[in-house]
Asks: 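My structure is below; once you've seen it, I'll send some questions.
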Protein chains: 2
Amino acid sequence: MMSRTSLPDVSQQVDEFVLKCRQEGLKVTPQRIAVFRSLAESDKHPSAEEIHSRIVEEMPTVSLDTVYRTLTTLLEHGVIRRVESLPNVGRFDSNVDHHHHFVCTACNSIQDFYWPDFDALKPPAEIAKMGTIQQPYVEFRGLCRACKDLAEG
Amino acid sequence: MMSRTSLPDVSQQVDEFVLKCRQEGLKVTPQRIAVFRSLAESDKHPSAEEIHSRIVEEMPTVSLDTVYRTLTTLLEHGVIRRVESLPNVGRFDSNVDHHHHFVCTACNSIQDFYWPDFDALKPPAEIAKMGTIQQPYVEFRGLCRACKDLAEG
DNA sequence: GTATCTGCAAATCTTTTGCTCATCA
DNA sequence: TGATGAGCAAAAGATTTGCAGATAC
């Protein structure tokens with residue numbers, strides 16, 4: 001897999017996006033293209049609000065709720081991704097020890113685990129350019145036992 | 001570090017909590033104890049709402065905003081932790097390739113990176129009991145270059 | 001032509017805040 | 001007693017939804 005430190009070819013990404021939409025039975029509208037292009041042009045992992053304020057400049061009538069709806073639709077079709085794994089509700093933990101999480105993508109349950117082999121691993125060299133690590137954290141996303149059993153029926 | 005697969009001793013944790021509050025100059029109130037105890041008793045990483053509905057049973061006048069305020073205070077003093085690293089605003093990514101993130105805890109910027117050495121690592125055995133992994137994901141939390149330079153003046 | 005999408009407005013949900021009274025140290 | 005915290009109510013911020021008109025295929 002190619003690293004994306006170099007500028008991605010946005011128009012090519014948009015072309016692929018259009019194809020993917022057709023494949024998925026999604027209508028290709030100017031709003032959807034604008035939302036996707038804005039996301040593809042940015043390396044800042046923007047919020048819905050930020051995407052909206054960026055695209056209103058060229059498309060003044062686009063509404064924020066269309067941006068939200070578009071993002072949700074594209075997420076559901078796997079065209080884009082959300083950085084957070086959990087829905088927007090704060091979740092808290094009285095365990096302040098260094099530990100990691102297994103997050104169930106179906107029921108949003110969270111289980112703690114420890115992983116000394118990971119803790120011993122040396123971060124990749126390119127990280128030094130990004131900043132100073134305070135906490136290395138692993139999240140395994142998947143189906144928990146209960147949800148898997150349910151799914152397999 | 002001890003694994004917490006066995007039931008933690010909640011009253012001992014509450015005792016430590018009381019000491020920690022005194023150390024930090026925080027008043028020890030019944031509401032704060034109730035919030036902390038509820039969190040310590042749970043292994044479900046509950047939300048503010050869930051903590052509240054749990055403690056109103058024994059303390060009917062406690063308000064939800066007190067729970068929020070208490071959680072915020074305890075977070076600020078490092079007594080508890082929030083599972084998510086980012087504030088409650090959805091952040092999106094057009095890069096659906098397998099990759100990891102460096103998240104700045106000061107400015108919330110996010111940088112992508114790739115890490116084949118991690119991808120090659122075998123998950124700990126205890127994970128099998130938890131469920132089926134779909135995506136292993138690493139998040140390095142720390143200060144990005146810009147924020148670090150700012151902090152160092 | 002028709003199912004799907006957009007824009008608008010309003011609603012919902014989560015979290016924060018100002019104020020006043022109560023309480024812990 | 002004096003600073004800090006709690007409760008109430010209202011506000012703020014993020015996201016979702018119902019509906020009527022518009023548009024992609």
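Throughout, a chain's letter reflects where its sequence line sits, starting with A, and its residues are numbered from 1. None of these values were measured; they are calculated from a predicted model.
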Asks: Taking CG from Leu75(B) and C1' from dT16(C), how many angstroms apart are they, rounded to a whole number?
Replies: 14 Å
Asks: What integer distance in Å separates Arg69(A):CZ from dA9(C):C1'?
Replies: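 These atoms are roughly 11 Å apart.
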Asks: Just checking Gly25(B): base, sugar-phosphate only, or nothing, at a heavy-atom cut-off of under 4.0 Å?
Replies: nothing
Asks: Classify the nucleic acid contact of Ser47(B) as base, sugar-phosphate or nothing, counting any heavy atom under 4.0 Å across all strands shown.
Replies: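 The residue Ser47(B) makes no contact with any strand.
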Asks: Considering only NZ, NE, NH1 and NH2 on the basic side and carboxylate oxygens on the acidic side, decide whether Glu41(A) and Arg37(A) come within less than 4.0 Å.
Replies: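 Yes, Glu41(A) and Arg37(A) are salt-bridged.
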Asks: Rounded to whole angstroms, how far apart are CD1 on Ile33(A) and P on dT23(D)?
Replies: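 Roughly 15 Å, once rounded to whole Å.
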Asks: For DNA chain C, whose closest nucleotide is more 5', that of Pro30(A) or that of Thr29(B)?
Replies: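 Nearest-nucleotide comparison on DNA chain C picks Pro30(A).
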Asks: Does the side chain of Val28(B) come within less than 4.5 Å of Arg32(B)'s, by heavy atoms?
Replies: no
Asks: For the residue pair His100(A) and Asp112(A), confirm or rule out a side-chain donor-acceptor distance under 3.5 Å.
Replies: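 Side-chain D/A pair, His100(A) to Asp112(A): absent.
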Asks: Side chain of Asn88(B), heavy atoms from C-beta onward: which of dT15(C), dA25(C), dA14(D) has the nearest atom to it?
Replies: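 Between dT15(C), dA25(C), dA14(D), the one nearest the side chain of Asn88(B) would be dT15(C).
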Asks: Taking only the side-chain heavy atoms of Glu49(B) (C-beta and beyond), determine which of dT14(C), dT15(D), dT16(D) contains the nearest atom.
Replies: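 Closest nucleotide to the Glu49(B) side chain: dT14(C).
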Asks: Measure from CD on Glu24(A) to P on dT4(C) and round the result to the nearest Å.
Replies: 14 Å
Asks: Pick the nucleotide of DNA chain D nearest each of Lys27(B) and Ser63(B); which residue has the one closer to the 5' end?
Replies: Lys27(B)
Asks: Tell me the interatomic distance from Gln23(B), atom CD, to dA25(C), atom P, rounded to whole angstroms.
Replies: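 These atoms are roughly 14 Å apart.
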Asks: Look at the side chain of Asp65(B) and decide which nucleotide, out of dT6(C), dT15(C), dT16(C), has an atom nearest to it.
Replies: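 The listed nucleotide nearest to Asp65(B)'s side chain is dT16(C).
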Asks: Among dG7(C), dA25(C), dT16(C), find the nucleotide with the atom closest to the side chain of Tyr68(B).
Replies: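 Nearest nucleotide to the side chain: dT16(C).
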Asks: OP1 or OP2 of dT23(C) less than 4.0 angstrom from a side-chain nitrogen or oxygen of Gln31(B), does that happen here?
Replies: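 False: Gln31(B) side-chain N/O out of range (4.0 Å or more) of dT23(C) OP1/OP2.
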Asks: Side chain of Val89(B), heavy atoms from C-beta onward: which of dA14(D), dT17(C), dG7(C) has the nearest atom to it?
Replies: dA14(D)
Asks: For Val62(A) and Thr72(B), find the nucleotide of DNA chain C closest to each by heavy atoms; which residue's nucleotide sits nearer the 5' end?
Replies: Val62(A)
Asks: Between atom NE2 in His52(A) and atom P in dT6(C), what is the gap in whole Å?
Replies: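 Nearest whole value for this atom pair: 13 Å.
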Asks: Would you mind reading off the distance between Ile55(A) atom CD1 and dG7(C) atom C1', rounded to a whole angstrom?
Replies: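 Between C1' of dG7(C) and CD1 of Ile55(A): 13 Å.
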Asks: Any side-chain N or O of Thr61(A) under 4.0 Å from OP1/OP2 of dG7(C)?
Replies: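 Indeed, a polar side-chain atom of Thr61(A) lies that close.
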Asks: Among dC19(C), dC25(D), dG7(C), which nucleotide has an atom closest to any side-chain atom of Val28(A)?
Replies: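 It is dC25(D).
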Asks: To the closest 0.5 Å, what do you measure between NE2 (His99(B)) and CD (Gln135(B))?
Replies: 10.0 Å
Asks: Is the shortest side-chain N/O distance from Arg32(A) to OP1 or OP2 of dA24(D) below 4.0 Å?
Replies: no
Asks: In whole angstrom, give the distance that lies between atom CG of Asn108(B) and atom P of dA14(D).
Replies: 13 Å
Asks: Is it the case that atom CZ in Arg145(A) sees more than 12 heavy atoms from other parts of the structure closer than 6.0 Å?
Replies: no
Asks: Give me the one residue out of Leu64(A), Val56(A), Leu39(A) that meets side-chain contact (heavy atoms from CB on, under 4.5 Å) with Ile51(A).
Replies: Leu39(A)
